[in-house]
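Single-structure report; data block below.
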Amino acid sequence: IYATNSLGIADSLNNMLLKEAALAPLGIIYAALGEVEKSQEYREQYNFLSDSLQAAELSQQIGEVRTRFETDQQALEVQKLKLDSQRNSLRQQRLLIIGLGILLVLFGIAAYLFYIRYRLKQKNLQLSLENDQLKLKEDLEEREEIDSIIQDFATSLYDKNTVEEILWDVARNCISRLNFVDSVVYLVDEEKKELSQIAAFGNKNPEGEKIVNPIRIPLGEGIVGTVAVKGRLENIGDTSQDTRYIVDDEQRLSELAVPIIHQGNVIGVIDSEHPAKNFFQQRHVEALRTIAAICGSKIAQALAAEASQQAEIVQVEAEQIKKLDQIKSQFFANISHEFRTPLHLILAPIQNKGPNISSRDMKMMERNGHRLLRLVNQLLDLAKLEVGTLQLEVSYGNILHFLQHIADTFIPLAENKAIQYQIDIPDREIRVWFDTDKFEKIIYNLLSNAIKFTPQEGRVTVHASLQHEESLRIVVSDT
């Protein structure tokens, strides 16, 4: 009864545990009472309820396990998330560290490159400064060399008196020292309206003062002719692009033409060429401009001096022509007198004695006839000498012996005029080739004039001497 009531209470309470506890003894009780069916029923209910409770408990345990598993899973997920977060954080930190390291490396590299660049910049700056200093030094040396060239040129012009000498001095002492390859100095010919090559340096001047194949350029033609007309220098960097370029000895690519000017007029051009393009620099232009200015002034002085000298020469020649006319007049007067005397001496016997001429008169007439013939021959020789047709007819003989013979023939003439006549001729044999006729005429005229124009009791001397055994010196002197 108590077990049955407990079962009823458990049912009313719907408490399975109480119901299980109430059913457990009922099976045993009814088995003891012999009620097998009820005992079996309560046992089955008990087993079912016990299984149900165990299943519920197991299910609860499974639920709890599942709950704990899910909780653990969630915890694991959280931990996993935390780990992932930590890994990400560590990865980010690692990447940050790597990035910082890379940045530091890059910064170091940049700093090193900046340092290298700075050093290179400093070195380049130093090299640039050194190059500038070297270039400045070279420019100064070139300037000093150019100044030296100009100074030497100005000094060397002191002893140059002709235009040709001045222009050759420009080519030799200036152009050659400026390291130019080729240069030609032109002079303006106002009458022909052209430029003539007067001096040169390079291939045009292989030796001495000789110009190979000199050319003439009309004023206004070519670069040189243009400079001569306009009076302004031209520096052509590429002559292949200039249609005015005139090829002389060979094609060259650079040309510098500088006018030589005096008192506003172009009197010449210094023309320099080089095979390289754009060779001539400002220093070359300044040097040649200065040289051209000095050259122009000196050429003007030389032309003035030449004009003055030419005027003096013309004046001297005029005076000489005047004197020559006087000498000719005197000569013709003298020669007329020389002809008149022997003619009178020849004609007198003929006119006075007719055919009765004595032998003495005949000899006198013959002697004067030879005298006239000699005078005529001398006039003919003089005419031949003036036209350049006089020729020598030489023979081999003793010239001192021949001279002694001529001098002895004037002894009677000197005694008649009471003149002291001295013959000083070495007594030795010297055999040479000479023209006896012309030699005789020369000595005869000298001695004749000396005795003729020497007063009484005067002195006439014939002196002959050897000069270093190579030449004979003959002197006829009078008082």
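Side-chain contact between Pro426 and Leu466 is absent, with no heavy-atom pair separated by less than 4.5 Å. Residues Asp249 and Asn213 have side chains not in contact (no heavy-atom distance under 4.5 Å, counting atoms from C-beta outward). Using a 4.5 Å heavy-atom threshold, the side chains of Val462 and Tyr421 count as touching. Here the side chains of Cys295 and Leu167 are in contact, with some heavy-atom distance below 4.5 Å. Between Leu96 and Leu100 there is a side-chain heavy-atom pair separated by less than 4.5 Å. Residues Gln251 and Thr239 meet the side-chain proximity criterion, which asks for heavy atoms closer than 4.5 Å.
Under the side-chain contact (heavy atoms from CB on, under 4.5 Å) criterion, Thr436 pairs with Ser395, Phe402, Phe434, sequence neighbours left out. The side-chain hydrogen bond (donor to acceptor under 3.5 Å, both in side chains) test applied to Gln315 returns no partner, not counting sequence neighbours. With sequence neighbours left out, Asp248 forms a side-chain hydrogen bond (donor to acceptor under 3.5 Å, both in side chains) with Gln197, Lys204. Scanning for side-chain contact (heavy atoms from CB on, under 4.5 Å) contacts around Ile419 gives Ala414, Lys417, Ile451, Thr454, Val460, with sequence neighbours left out. Residues satisfying the side-chain hydrogen bond (donor to acceptor under 3.5 Å, both in side chains) criterion with Glu429, sequence neighbours excluded, are Arg431. The side-chain hydrogen bond (donor to acceptor under 3.5 Å, both in side chains) test applied to Gln320 returns no partner, not counting sequence neighbours. Scored by the ring-ring contact (aromatic ring centres under 6.0 Å, His included) test, Tyr444 finds Phe410 as partners (sequence neighbours excluded). For Glu457, the side-chain contact (heavy atoms from CB on, under 4.5 Å) test picks out no residue, with sequence neighbours left out.
Of the charged side-chain nitrogens involved, none lies within less than 4.0 Å of a carboxylate oxygen, so that Arg244 and Glu255 do not count as a salt-bridged pair.
Under the 3.5 Å distance criterion, the side-chain polar atoms of Ser183 are matched with a main-chain donor or acceptor of Asp271. Side-chain N or O atoms of Lys438 include one that pairs as donor or acceptor with a backbone N or O of Gln391 at under 3.5 Å. Between the side chain of Asp169 and the backbone N or O of Glu165 there is no donor-acceptor pair closer than 3.5 Å. Side chain of Thr409 to main chain of Ile406: a donor-acceptor pair is present (N/O by atom type, distance under 3.5 Å, no hydrogens or angles). Asp189 contributes no side-chain N or O that, together with a main-chain N or O of Leu195, makes up a donor-acceptor pair within less than 3.5 Å. With Asn203 contributing its side chain and Pro206 its backbone, the two residues share no donor-acceptor pair below 3.5 Å. With hydrogens and angles disregarded, a donor-acceptor distance shorter than 3.5 Å links the side chain of Ser254 to the backbone of Asn278.
Inspection of the Gln467 and Ser465 side chains reveals an N or O donor paired with an N or O acceptor under 3.5 Å.
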Leu472 vs Ile399, test: side-chain contact (heavy atoms from CB on, under 4.5 Å). Steps then yes/no.
CA-CA 9 Å; Leu472 178 64; Ile399 192 169; 4.0 Å; yes
Run the side-chain contact (heavy atoms from CB on, under 4.5 Å) test on Tyr245 and Arg252 for me, step by step, so that the C-alpha distance in whole Å, both residues' side-chain angles and the decisive distance to 0.1 Å come before the verdict.
CA-CA 10 Å; Tyr245 180 72; Arg252 297 182 181 89; 4.1 Å; yes
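Pairing each heavy atom of Leu253 with each of Ser240, the nearest pair is CD2-CB, 4.3 Å. Ile198 approaches Glu164 most closely through the heavy-atom pair CG2-CG, 4.0 Å.
The residue from Val394, Leu392, Leu403 that alone fulfils the side-chain contact (heavy atoms from CB on, under 4.5 Å) condition with Phe439 is Leu403.
Taken from NZ in Lys323 to CD in Glu319, the straight-line distance is 6.5 Å, to the nearest 0.5 Å. Taking CG from Leu446 and CG from Asp478, the interatomic distance works out to 10.0 Å, rounded to the nearest 0.5 Å. The distance from atom CG of Leu120 to atom CG of Leu113, rounded to the nearest 0.5 Å, is 10.0 Å. Arg216 CZ to Lys192 NZ: the interatomic distance, rounded to the nearest 0.5 Å, is 4.5 Å. Residue Ile291 holds its CD1 atom at 12.0 Å from CD of Glu286, rounded to the nearest 0.5 Å.
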Please list every donor-acceptor pair under 3.5 Å in which a side-chain atom of residues 217-233 meets a protein atom from a residue at least two apart or in another chain.
{"unit_1": "Thr226", "atom_1": "OG1", "unit_2": "Gly222", "atom_2": "O", "d": "2.6"}

Counting only pairs under 3.5 Å, give me each side-chain donor-acceptor contact of residues 259-269, with atom names and distances, residues two or more places apart or in other chains.
none

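Each ring pair (Phe, Tyr, Trp, His ring centres under 6.0 Å) pair with one or both residues in residues 163-205, not counting sequence neighbours, appears once here: Phe180-Phe280, Phe180-His284. Sorted by first and then second residue, the salt bridge (charged side-chain N to carboxylate O under 4.0 Å, His left out) pairs involving residues 109-128 (not counting sequence neighbours) form an empty list.
Around the CD atom of Glu393, the shell of radius 6.0 Å holds no more than 12 heavy atoms that belong to other residues, nucleotides or ligands. The environment of CG in Asn416 is crowded: more than 12 heavy-atom neighbours from other residues, nucleotides or ligands sit within 6.0 Å.
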